[in-house]
Q: 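Right, I'll just put the structure down here and ask away after.
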Amino acid sequence: MATSVPVLTIDGPSGSGKGTISRAVAERLGWHYLDSGALYRAVGLASAWEGVDLSDPDAVAACAARTDIRFENDEAGEPRVIVNGKDATHQLRMETAGAAASAIAAYPAVRAVLLKLQHRFRRLPGLVADGRDMGTVVFPDSPFKVFLTASAGERARRRHKQLKDKGVSVNLDSLLHEIAARDERDAGRAVAPLKPAENAVVLDSTGMPITEVIERVLALLPESLRRR
Ligand code: DC
């Protein structure tokens with residue numbers, strides 16, 4: 001039964017390092033990894049490709065239902081996201097895709113379509129699920145929940161570096177602004193707002209090396225689950 005499959009949920013605001021930490025923890029455990037933000041980004045992108053009106057919740061939800069989203073690794077082992085047969089990895093990382101995702105993520109009908117899809121990622125031996133509502137809405141029964149955060153300045157700097165490493169030049173100040181606006185919308189929406197689950201461990205990673213964050217997250221799991 002799916003519910004007997006362990007899930008570690010890692011939620012938090014943009015640029016908190018969730019993606020890097022979740023991937024690394026999943027790799028260490030040999031578990032599956034769900035990048036739920038990529039699903040919202042992919043629906044935003046597919047809607048734009050199809051000329052769907054992003055302000056029409058029903059139209060976007062219908063688009064979400066017919067969008068094929070696949071996670072793959074290329075020959076170098078790098079993760080790729082394939083949307084309707086096209087490699088959209090690069091486009092999905094843009095802050096414009098993040099903003100579109102954040103806008104359509106406020107629609108309950110879109111969240112309902114993606115909820116079912118997300119549950120399908122829960123497979124043995126376990127799942128590390130990264131997002132905004134993994135611990136509160138998607139996998140509320142999980143006893144292993146982290147809410148990862150960092151100061152706004154540090155999150156903007158990390159995102160800036162991430163984009164720069166990918167060859168995208170952005171202004172740090174405008175990124176700080178965009179991230180703050182996105183967090184405000186994600187935390188302020190009526191459905192599945194960004195907030196720590198009641199039983200989540202809140203981890204502030206400001207100034208903390210990645211390796212330490214990974215160890216702290218892994219330490220939340222019982223020894224029996226940490227053995228591969
Ligand atoms: O994690 P990310 O930056 O790729 O997410 C992009 C947007 O998608 C985020 O601003 C809000 C939305 N999102 C969400 O509402 N729920 C999730 N579980 C994941 C992302």
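In each ligand, atom 1 is the first atom listed, and ligand 1 is the first ligand listed.
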Q: Please list all pairs meeting side chain to side chain donor-acceptor pair (under 3.5 Å) that have one or both residues in residues 92-104, counting only residues at least two apart or in different chains.
A: Glu95-Arg182, Ser102-Arg185, Ser102-Asp186
Q: I would like to know whether Glu154 and Arg158 meet salt bridge (charged side-chain N to carboxylate O under 4.0 Å, His left out); could you show each step before the answer?
A: CA-CA 6 Å; Glu154 176 140 344; Arg158 285 181 191 167; 2.8 Å; yes
Q: Just by modelled atom types, is the Leu114 backbone N or O under 3.5 Å from a matching donor or acceptor in the Gln118 side chain?
A: yes
Q: Heavy-atom count check: over 12 atoms from other residues, nucleotides or ligands less than 6.0 Å from Ile210 CD1?
A: no
Q: Checking Glu178 against Arg159 for the salt bridge (charged side-chain N to carboxylate O under 4.0 Å, His left out) test, could you report, in this order, the C-alpha distance in whole Å, the side-chain angles of both residues, the deciding distance, and whether it holds?
A: CA-CA 11 Å; Glu178 284 163 5; Arg159 200 61 146 199; over 6 Å; no
Q: Should we say atom CZ of Arg70 is surrounded by more than 12 heavy atoms from elsewhere, each under 6.0 Å from it?
A: no
Q: Using a 4.0 angstrom limit on heavy atoms, which residues are close to ligand 1?
A: Lys18, Ser36, Gly37, Tyr40, Arg41, Ala101, Ser102, Ala105, Arg111, Gly131, Arg132, Asp133, Met134, Arg159, Arg182, Asp186, Arg189
